[in-house]
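Per chain, numbering begins at 1; letters A, B, ... match sequence-line order. The figures here come from the full heavy-atom set of this structure, side chains too, leaving out hydrogens, waters and symmetry mates.
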Amino acid sequence: MPRVRKRPAGAARPDKKGPKGKRTKTDNQGEASAKVENSSLQETSASKDCGKNLSSYWLMKSEPESRLEKGIDVKFSIEDLKAQPKQTACWDGVRNYQARNFLRAMKLEEEAFFYHSNCREPGIAGLMKIVKEAYPDHTQFEKNSPHYDPSSKEDNPKWSMVDVQFVRMMKRFIPLAELKTYHQAHRATGGPLKNMALFTRQRLSVQPLTQEEFDFILSLEEKEPS
DNA sequence: GCCAACGTTGGC
DNA sequence: GCCAACGTTGGC
């Protein structure tokens, strides 16, 4: 899913990379279905926590290798994030309703895995955190952006983004292939990755992780690559 | 570069 | 509202 891409954050300077984003547009229907999914995934934990202290975990995809979209390079790797001022960037370019609704559900300080997609070695590269909650993605109004959406109006923006800040690299890169091996094994044994969205919602560029999924993936850092 | 998965579009 | 055509995602 997506994919996403981003740019620098903050306030004033957009950069030029576009995140991955994707495209899309639709509307109501997309919104409705996205909502449903979101609620099934997130409200469960919300209701448990009664709205307090609830913490969610996320996985966000970005392409670490150069690729031109409308003549603009959408590359944005974790190294690129690390190189930004304050190691912070806005995650622009998400153009899928379901992914957008997850962006809108993100809360300050929640943690997200930075996933490298569409590249030589796909997988989880590091950790970042949400430092600004959802606000309008300006690239939807920029004609030259690969993620321009002529159907979106300034007074009612369709697409959102959040700001993320680099936290750390994974102690070792966790390849997609390794996660997939666990996912498959866990489907049989009922282990923590049995329903991981990376495999069950293939094209979703912004996705939630359960506490169990998040903890299990962190535990892999300490293990030898399998 | 191929192509499966899957979201979106648009005719009807 | 169905569904075939189409476009994109993203692994391999």
Nearest to side-chain heavy atoms of A:N96, which nucleotide of B:dA5, B:dG7, C:dG11: B:dG7

Residue-phosphate contact under 4.0 Å: A:Y115 side-chain N/O, C:dT9 OP1/OP2: no

Atom-to-atom span, NZ of A:K75 to P of C:dG10 - whole angstrom: 18 Å

Pair A:Y97 + A:W159: ring centers closer than 6.0 Å: yes

Output field: ring centroids A:Y57/A:F113 closer than 6.0 Å: no

Test side chain to side chain contact (heavy atoms under 4.5 Å, CB included) applied to A:D215 and A:E213, A:E212, A:Q211, the passing residue: A:Q211

Closest nucleotide among B:dT8, B:dG7, C:dG11 to the A:Y97 side chain: B:dT8

Between P of C:dG10 and CE of A:M60, the distance in whole Å: 13 Å

Under-4.0 Å side-chain N/O to phosphate OP1/OP2 contact, A:Q202 with B:dC6: yes

Nearest-Å distance for atom pair CZ/C1', residues A:R95 and B:dT9: 18 Å

Length of the NE2-P vector between A:H116 and C:dT9, whole Å: 18 Å

Whole-Å gap separating C1' (C:dG10) and CZ (A:R201): 16 Å

Listed nucleotide nearest any side-chain atom of A:L176, set B:dG7, C:dG10, C:dC12: C:dC12

Euclidean distance, atom CZ of residue A:F199 to atom P of C:dC12 [Å, nearest integer]: 9 Å

Polar side chain donor-acceptor pair, A:N195 to A:T200, under 3.5 angstrom: no

Rounded distance (Å) that lies between atom P of B:dT8 and atom NZ of A:K158: 11 Å

Whole-Å distance separating the NZ atom of A:K61 from the P atom of B:dA5: 15 Å

